[in-house]
Amino acid sequence: MNAKLLLTPVMGAKASSLLLLLGLLGGLWLGPVSELAAMDLAEGWEYRWGDSPFNAEGVPVWTLDQSSAAWSAIGFPSNPPGRNGQTNLWVRTTLPEGDWRDPVLYLFSVDLIVEIYLDGRKLYQYGRFDDAGRGRFEGWPWHMVSLPQDSAGELIYFRIFSDYKDIGLWGEVQVLERIDLLRRLVSGSIGRLIASGLTLLIGLLSLLFALVQPERGVFASLALFALASGSTVLSGAQANLLLFDAPLFWDYLGAAGYFLLPVAMAMLLQQWLRPAFQRLLGLIWMLNLAYLFAALSLSWVGVVSLAETYPVFDLLFLVSLLVMLLPALRFFRRGTRDQHLILAAYALLSLLLLLDMAVAHNVLPWGQVPLGWGSLGFALAVVVVSLTHYARMQHALRLLNASLEQQVQARTLELEQLALQDSLTGLKNRRFLDETLPRELALAKRQQSSLSVLICDIDHFKRFNDRHGHAAGDAVLQRVASHLHRVFRHTDLACRYGGEEFVVVMPGAGMDDARRCAETLRQLVKTDQIDYDGQRLEPVTLSVGIASWLDVERDADELLQRADRALYRAKANGRDRVECSD
């Protein structure tokens, strides 16, 4: 994009605060304030190469001779034929007739600096001409030149210097009322200001997301692209210099944003196309970034003018866009819906930039390309993507929270089960017995049903461990636990009471049923042949004590004590036997 469309306003004669205020109010609320429409100066132009000498009074001699002998006609005073490296140009035209109250001449842009004369009197100057008629680039503002009320029909002369590729006036040249021009400048800038403001806001938000979100590279690239495009559009709002009269500042802001666009585009594609095309895209953004620093630095120190940096960059930007087109199209086929929207938005902005570039290089007729709409479209695309991303994220968080709650509940239940389970045998532990037996006993009392408790102890287990080792002892404990599972019902509660002792609670079972199960268990343990570590272990025996609820116990402890006394009798009577309580 040529910087001519990044124009910023500067007023030829400083308007009073009252006129500026009226202009702003008129632009926003009042509507038309004059009956005369703006008149385009699109015909009757003449040009003359070189620079006029000045007489003793400092008046350019060419403005005193109104003959056309040395002048040539031209359709519009821009880039006349036969330049041949010349840097000085004069153009002139006749001001139109009209009953103006406060007429001004509006110039959209001039390459590069200009003086304006009427009747040999200097009306306006932008930039400084030295004694050789030369000067340096001062920026690309618009110009508002105050005209005398009686100037209709007079010849107006423009003295122009440009060492840029273009020379002369550019864009619109009109005569109109001052208040109408101010109104147009303000109202015409509103769209750009809103679009750039939203885009810059999106850029700042993306930058914040880049600091906290895991996809830092993508958000950083989006932030850079939004800030670059927002700055580019903001610098082109013509009302800027009504607030801050510094053309070069706005031109540097626009150049920085414009030069950053291919950097941000390549970085964003690089994030999405890993690892494909990564080196190519990395080379593109590094080359454009290097040009940005070189161009702005050299122009800042005066080695080159800022104007001269645009043609080279336009070519670099065009090549960069064409090179990025292939990976972008390939990615578009497999990208997500959000990525499609982002790509489409900055494809639109890229198209507008190319059109702008074509206008700047006279490939297309002059016209103001609506870059603000492209920037606004990109900002809205980022907003839509952000909102949908946020909605999906919230939905995912709700699902994740529900899943986590289920997992916590399951884990809590698992931990509770583990807290009530013996890790070696898989049976319930003593804590479980202490919590469960009182409830079972209370239920038996309430329902007047039977309840029996068995305490089983492996005989001489300490001696077995001393002879075969604790690992073999653990194998025996596990085998006894498996027999408990085989013998007793699913409704019976088998627990490891501690060490080599086991307790079985049998709800609904009387003494006879309990004794029969105990004998079956004792026989299974006695006849079991256990192999461990490649050798047959000596058989073990089991002593069992049984107590059944007699409605005389005050609590579960008394029931256990009666079963424990029966166990001691079994031990005292020779072990490997079952004894019942009195």
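No donor-acceptor pair under 3.5 Å is formed between the side chain of D557 and the backbone N or O of L560. N573 places a side-chain N or O within donor-acceptor distance of the main-chain N or O of R569, the cut-off being under 3.5 Å. Under a 3.5 Å cut-off, the side chain of S297 and the backbone N or O of A294 do not form any donor-acceptor pair. Without hydrogens or angle criteria, R489 side chain to P507 main chain gives a donor-acceptor distance under 3.5 Å. Between the S403 side chain and the L399 main chain, no donor and acceptor come within less than 3.5 Å of each other. Looking at N240, its side chain does come within 3.5 Å of a backbone N or O of L234 through a donor-acceptor pair. With hydrogens and angles disregarded, a donor-acceptor distance shorter than 3.5 Å links the side chain of S452 to the backbone of G510.
Summarising the local packing, CZ of R536 is surrounded by more than 12 heavy atoms from other residues, nucleotides or ligands at distances under 6.0 Å.
Using a 4.0 Å cut-off between charged side-chain N and carboxylate O, R515 and D512 make no salt bridge. Salt bridge status for R431 with E435: present, with a side-chain N to carboxylate O gap under 4.0 Å. Between E519 and R522 there is a salt bridge, since at least one side-chain N of the basic residue sits less than 4.0 Å from a carboxylate O of the acidic one. Look at D422 and K428 and you find no salt bridge, because none of the NZ, NE, NH1 or NH2 atoms lies under 4.0 Å from a carboxylate O. Look at K462 and D466 and you find a salt bridge, because one of the NZ, NE, NH1 or NH2 atoms lies within 4.0 Å of a carboxylate O, short of that distance.
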Distance-only criterion, 3.5 Å: show the donor-acceptor pairs between side-chain atoms of residues 317-325 and protein atoms not counting sequence neighbours.
from: S320; atom 1: OG; to: N288; atom 2: ND2; distance (Å): 3.1
from: S320; atom 1: OG; to: L316; atom 2: O; distance (Å): 2.8

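H468 has its ring centre less than 6.0 Å from the ring centre of F464. Aromatic pair F259/Y310: ring centres closer than 6.0 Å.
Using a 3.5 Å distance cut-off with no hydrogens or angles, the side chains of S299 and Y252 do pair a donor with an acceptor. Of the N and O atoms on the side chains of D457 and S543, not one donor lies less than 3.5 Å from an acceptor on the other residue.
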